[in-house]
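Here is the structure we will look at.
When a residue number appears, it is its place in the shown sequence, counting from 1. These numbers come from the heavy atoms of this one structure, side chains and all, not from hydrogens, waters or symmetry mates. What you see is a predicted model; the values in this text were computed from it and never measured.
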Amino acid sequence: IAAIYNHHFREDPDFPIIEYLMEMNGGDRGEVFLRLLEEVCHSDPRPHKSIKKLVGLIPEYKTDGFKTAVKTSPFLHYFFGWYSKDEDQITLEIIETLLDVCPEAASITSNVTCPDSQKHNFSYPIREACSCGLGCRDKIIELLVEKTEPGAFSHMCVCSYMGLFEGWQNVAGTPLHYYVTHGGNAKIVKLLVEKCPEAVTIMDGRNKLTPLHAILHSFHVEPDVVKF
């Protein structure tokens with residue numbers, strides 16, 4: 001799929017790649033479509049226009065195979081992996097469309113961003129959105145908060161190889177921990193706390209770090225967040 005995508009679809013978004021892949025390999029068309037979506041979301045640089053087009057096509061390929069495979073598909077984790085502020089608007093449009101046509105995507109779990117020593121663990125897309133770059137546009141996080149299953153907000157995981165803080169190996173965190181390490185704003189913090197009030201006092205089992213510790217380690221401390 002990677003070779004065909006790079007040779008055809010990357011250059012020509014109108015290329016009938018699903019039909020081409022089905023003709024070559026057969027299988028469930030929904031699963032084939034999902035594998036393509038994963039490949040496109042994992043590309044660097046991220047082809048946002050191609051992703052937007054594919055996300056809009058999900059209803060056409062939402063077969064039983066797709067519905068089963070999407071539960072553990074890392075496509076949304078990959079998508080947030082190279083988040084760029086330069087693509088803010090189209091990223092928001094993609095997430096809006098995705099959660100409209102496939103709301104279950106917000107509760108996908110995957111271990112692709114967990115270090116090798118933590119492969120028994122997993123993360124949710126909300127964790128990825130709360131930690132990428134200097135943090136996603138807040139509207140994107142709001143959309144994910146609305147659709148994500150409750151258990152995601154108290155789930156502790158180690159991701160991005162360095163854990164919660166650079167240089168502190170294996171420091172796990174909740175989405176709230178990861179969000180406040182980038183400063184954030186009080187409105188989003190309030191949303192995350194409303195979803196999981198106990199997250200304010202959840203501590204890493206190894207280092208006893210709460211979200212307040214995460215704020216104080218941040219280079220972007222927001223007084224309103226600390227006050228909240």
Side-chain angles (χ1 to χ4, degrees), residues 34 41 55 58 62 66-81 83 91-92 94-114 118-132 135-160 163-164 170-215 218 222 224-226 228:
L34 185 58
C41 287
V55 165
I58 286 177
K62 217 171 180 185
F66 177 95
K67 293 174 184 177
T68 298
V70 78
K71 294 176 183 177
T72 55
S73 171
F75 78 90
L76 201 46
H77 295 70
Y78 287 147
F79 178 69
F80 284 124
Y83 181 80
T91 298
L92 175 59
I94 288 169
I95 297 302
E96 285 177 326
T97 302
L98 173 64
L99 296 181
D100 183 47
V101 300
C102 189
E104 61 270 33
S107 295
I108 289 171
T109 60
S110 176
N111 66 4
V112 293
T113 58
C114 299
Q118 297 285 322
K119 286 303 182 186
H120 62 282
N121 210 330
F122 58 87
S123 70
Y124 289 85
I126 185 68
R127 206 290 312 177
E128 308 298 326
C130 284
S131 67
C132 56
C136 271
R137 183 173 176 172
D138 288 333
K139 180 62 177 175
I140 293 172
I141 296 177
E142 285 183 50
L143 290 169
L144 285 169
V145 166
E146 183 184 336
K147 301 290 186 181
T148 300
E149 65 184 30
F153 300 97
S154 60
H155 178 67
M156 300 278 283
C157 64
V158 177
C159 294
S160 304
L164 189 58
N170 297 329
V171 180
T174 64
L176 179 61
H177 281 88
Y178 278 98
Y179 181 72
V180 296
T181 59
H182 302 298
N185 71 57
K187 179 182 178 182
I188 299 299
V189 170
K190 183 179 179 183
L191 283 176
L192 292 170
V193 171
E194 285 175 347
K195 285 288 186 177
C196 182
E198 61 270 28
V200 174
T201 54
I202 288 177
M203 295 185 290
D204 170 67
R206 179 175 176 180
N207 299 287
K208 307 300 182 186
L209 299 174
T210 67
L212 182 58
H213 290 102
I215 294 172
S218 172
E222 294 290 337
D224 289 345
V225 172
V226 177
F228 176 81

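Side-chain N or O atoms of H155 include one that pairs as donor or acceptor with a backbone N or O of F122 at under 3.5 Å. In terms of modelled atom types and a separation under 3.5 Å, the side chain of T148 and the main chain of S107 share no donor-acceptor contact. Using a distance-only test at 3.5 Å, with no hydrogens or angles considered, a donor-acceptor pair links the side chain of Y179 to the main chain of N185.
Of all heavy-atom pairs spanning E142 and L191, the tightest one is CG-CD1, 3.6 Å. Closest non-hydrogen pair, S123 versus T113, comes out as OG-OG1, 3.5 Å.
Between M203 atom CE and M156 atom CE the span is 9.5 Å, to the nearest 0.5 Å. To the nearest 0.5 angstrom, F80 atom CZ is 9.5 Å from C130 atom SG. If you take OH on Y124 and SG on C157, they are separated by 10.0 Å, rounding to the nearest 0.5 Å. Considering CD1 of I188 and CG of D138, their distance stands at 4.0 Å, rounded to 0.5 Å. I141 contributes atom CD1, which lies 6.0 Å from atom CD1 of I126 (distance to the nearest 0.5 angstrom).
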Verdict with supporting geometry, K62 and E104, salt bridge (charged side-chain N to carboxylate O under 4.0 Å, His left out): CA-CA 12 Å; K62 217 171 180 185; E104 61 270 33; 3.5 Å; yes

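Side chains of Y178 and E128: a donor-acceptor N/O pair is absent below 3.5 angstrom, by distance only.
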